[in-house]
Amino acid sequence: MSNTLSGLGRKLISNGIVTEDVAQQATDNAEESKRSFLAELVELDGVTASTVSQFVAADFGLPLFDLSSLSVESVPTEFIKEDLLEQYDAVPVARRGGKLFVAITDPADSEALDKYKFTSGLSVEAVIVDPASLADFKKSIQDSSANLSEGLDDSFDLEVDSGELPDDDDGADGVNETPVVRFVNKLLLDAIKRGASDIHVEPYEKRFRVRFRVDGVLEEVVDPPLSMAGRLTARLKVMSRMDISERRVPQDGRIKLKISKTKAIDFRVNTCPTLFGEKTVLRILDPSSASLGIDALGYEPDQKRIYMEALANPYGMILVTGPTGSGKTVSLYTGLNILNEPGTNISTAEDPAEINLEGINQVNVNPKAGLTFAEALKSFLRQDPDIIMVGEIRDLETASIAIKAAQTGHMVMSTLHTNDAPQTLSRLVNMGVPAFNIATAVSLVIAQRLGRRLCESCKQPDELPRDVLVEEGFTDEQIEDLNIFKANGCPKCNHGYKGRVGIYQVMKISEEMGRIIMEGGNAIDIADQAKKENIPDLRESALIKVSQGIMSLEEANRVTKD
C-alpha cells in the first residue's frame, strides 16, 4: 500500500469501501487541484458520497447530517467567513448557546475546525456531510451573499464624514482598521437584510453583544470580542458625526447607507454611557415604509374609512398614540403622503425627522438652539400652512398652539404617549388644555400597537376549549365560526412569524364625547361612550386579527392583554 495515502484513505481501503487504485488516484487529484481527498474521491466512478460519509461518521463517532434539509437563510451568517469558505470544506450550520456546529466532510481536518473556533469564540462541534452536498451548499451561500451585495461597491458607499480622531483617545485606536470597518458595514447590511428595526450594541463587564429587533422582538446575533468594544463604538460615532472624545453624556447622530444608485437607508443613532462603556442603539429608517399605502398597514375597513374622512377635513386635529416603536410615525406619514399634493403646503416639526419626503417642509427641532416644537409651530403659522405635523406634543405650550391652529382652519397631526385613545383626551386635560378647546379641535384619535404576523407557509391550526376563548374575549358569535392559528416555524420565517401588522383603536370624537370632556369626564367615561358607539378597543381589534388568521392568540396577548 502506497505511503502517500492518508490514514482515512487506508481505512476506506481496509474496509472495502474503495480500492487502492481509486484511493491513490483521489490522492493525486487532490494534490493537483488543492481540494480535499474526499471531494476528489466521490467524483470517481464507483464511489458514492453517501457510503463514504456514513463510513466517516461511524469511524469518528460523529452525527451524519443531511444538508438538503437546511435552508441557506437559517445558517448563522455572522460566522460565515468568505476566506474560510473558499479555503476549507467546512461551513457553520447552527449555533446552540456557546456551541457552533460545523458541517465538514473530513473531521480529521482540525485546521478548519480550529479556524472557526478562533473566529467565532465558541466551542466547535463537527457534523459529517457528504462532499457533493457541501459543495452545493457553499455555492448557495456564496450566491446569496452576491445577491445581497448587488448594487454595493467595496466600501458599501457609506455617506459619512470620516472626522478626525484625537491622538489621545483610546477608543479611537484602530477605528479605521479594515476588520472593524468591515464588521460595522456587514452589521448594518445584515440588519437590513433581516428586516430589523433596531440594532443594539451593548458592552458588559465580561462580554460584548449585538442584538437586532426583528418583528418587535430583540434577538442576539453576535458576540464580538470584548476587546473590540471601544473600537466598534468609536467607528459608529465617527460615522454618525458624533464627538468620539465625549463619553460621559448621551449623543445623537445619523448614518446614511447607500445600497444602490436610487435607494438609501438612514440610521438614527444614539449613544448612552453605561457602567462598562457606551451602549449604542441604531434605529433603521426606511423611507419606503412611508409609501406602503394605507391598505398595507392593517386598518380594518371601517377604521380606514374613518381615518380617510378625517384626512379629508380642511381643519381639525388627528392624534396618534402608542409606545415607542408602535408605528406612529408610519401612520402619520402615510396620511401625509395622501395629502401631499402640489396645491398643499405641509410643514412638519420632528425630533428628529425620521423619514425624508419630497414636497414636505421638514424641520428638526433643536432645543439647545431655542428651536422647540412650540417655536417651530409659531413659525409655521406665519408661513401660510395648510397642514402641520408635530412630532410629539410634550408640553402645554405646544399643545395650546397646535389646538389653536386646528381651530383656525389648519389640519394638525401629532402624537402622544398614552395607552389608548380615551386616555389621550384625559392626558390633554391633565396638561392644562381647556376642555372646550379639546372638544372642538380634536377630530380623531388613533391608538395603535404592532403585532407579529403569522407566517403563511407554516402556521398551524390552534384548538382551544370554548371557555378559554370566552375568557380571552371572543363573543359567542365569533366562536361559532372561529378558526385560529399558532406559530410553528420554518426556514422562511422568524420562529413562526414574518413581518408585522398594525392593531388600531380608531376613535372619532363624537358630539357625545365632546360633551363628556366639557363636563369633566375621565378616560373611563370616554371609553364607555366609545363602547356604546361600537368602537373596537385595542384588545378587540387584536382578536379580529386572530380570527382572520393573521395573528396568533399568544401574540395578541403579548401586545394587548393587561
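Note that these values count all heavy atoms, side chains included, but never hydrogens, waters or copies made by symmetry.
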With no hydrogens and no angle check, do the side chains of [X] and [Y] hold a donor and an acceptor under 3.5 Å apart?
X	Y	answer
Arg427	Asn419	no
Gln448	Thr321	no
Thr398	Asp395	yes
Thr348	Glu350	yes
Thr424	Thr418	yes
Ser331	Tyr307	no
Asn270	Asp252	yes
Asn361	Asn345	yes

For the backbone of [Y] and the side chain of [X], can you confirm whether one donor and one acceptor N or O come within less than 3.5 Å of each other?
X	Y	value
His410	Ala405	yes
Asn488	Gly496	no
Asp243	Ser245	yes
Gln251	Glu246	yes
Gln423	Asp420	no
Thr560	Asn557	no
Lys545	Gly298	yes

Assess whether atom [atom1] of [X] is packed by more than 12 heavy atoms of other residues, nucleotides or ligands within 6.0 Å.
X	atom1	result
Lys404	NZ	no
Glu519	CD	yes
Ile524	CD1	no
Tyr204	OH	yes
Glu554	CD	no

Less than 4.5 Å apart, any side-chain heavy atom of [X] and any of [Y]?
X	Y	result
Lys378	Glu397	yes
Ile265	Ile255	no
Leu454	Ile550	no
Ile360	Asn340	yes
Glu472	Leu553	yes
Val269	Val281	no
Met239	Leu188	yes
Asn437	Gln407	yes

Spatial distance of atom [atom1] ([X]) from atom [atom2] ([Y]) [nearest 0.5 Å]:
X	Y	atom1	atom2	value
Arg394	Met431	CZ	CE	11.0 Å
Leu450	Arg500	CG	CZ	4.5 Å
Leu232	Glu278	CG	CD	12.5 Å
Ser414	Leu377	OG	CG	8.0 Å

Minimal non-hydrogen separation, [X] against [Y], with atom names:
X	Y	value
Leu285	Arg268	CD1-CB, 3.9 Å
Ser457	Cys490	CB-SG, 4.2 Å
Pro536	Ser541	CB-OG, 3.8 Å
Ile318	Ser443	CG1-OG, 4.2 Å
Pro224	Phe208	CD-O, 3.2 Å
Phe212	Asp190	CE1-C, 4.1 Å

Chi angles and distances behind the side chain to side chain contact (heavy atoms under 4.5 Å, CB included) call for Leu381, Ile401: CA-CA 9 Å; Leu381 292 173; Ile401 299 171; 3.9 Å; yes
Residues forming a side chain to side chain donor-acceptor pair (under 3.5 Å) with [X], sequence neighbours excluded:
X	value
Tyr504	none
Arg283	Asp198
Thr415	none
Lys328	none

Phe276: side-chain contact (heavy atoms from CB on, under 4.5 Å) partners, not counting sequence neighbours: Glu205
Sole residue of Ile446, Leu444, Ile526 in side-chain contact (heavy atoms from CB on, under 4.5 Å) with Met507: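 With Met507 as partner, side-chain contact (heavy atoms from CB on, under 4.5 Å) holds for just one option, Ile526.
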Are the charged groups of [X] and [Y] less than 4.0 angstrom apart, N to O?
X	Y	answer
Glu202	Arg211	yes
Glu540	Lys531	yes
Glu219	Arg213	no
Lys304	Glu309	no
Asp215	Lys498	no

Candidate pair Thr440 and Met518, rule side chain to side chain contact (heavy atoms under 4.5 Å, CB included), full reasoning: CA-CA 10 Å; Thr440 56; Met518 286 189 285; 5.7 Å; no
Trace of the side chain to side chain contact (heavy atoms under 4.5 Å, CB included) decision for Ile403 with Val433: CA-CA 9 Å; Ile403 282 180; Val433 179; 3.3 Å; yes
Steps toward salt bridge (Lys or Arg N to Asp or Glu O under 4.0 Å) verdict (Arg254, Asp266): CA-CA 7 Å; Arg254 204 176 184 100; Asp266 285 341; 3.5 Å; yes
Stepwise side chain to side chain contact (heavy atoms under 4.5 Å, CB included) check, Ile346 with Asp386: CA-CA 6 Å; Ile346 304 176; Asp386 295 304; 6.0 Å; no
Listed once per pair and sorted, the salt bridge (Lys or Arg N to Asp or Glu O under 4.0 Å) pairs that draw on residues 446-458, sequence neighbours left out: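 Output for this query lists Arg452-Glu555, Glu456-Lys459.
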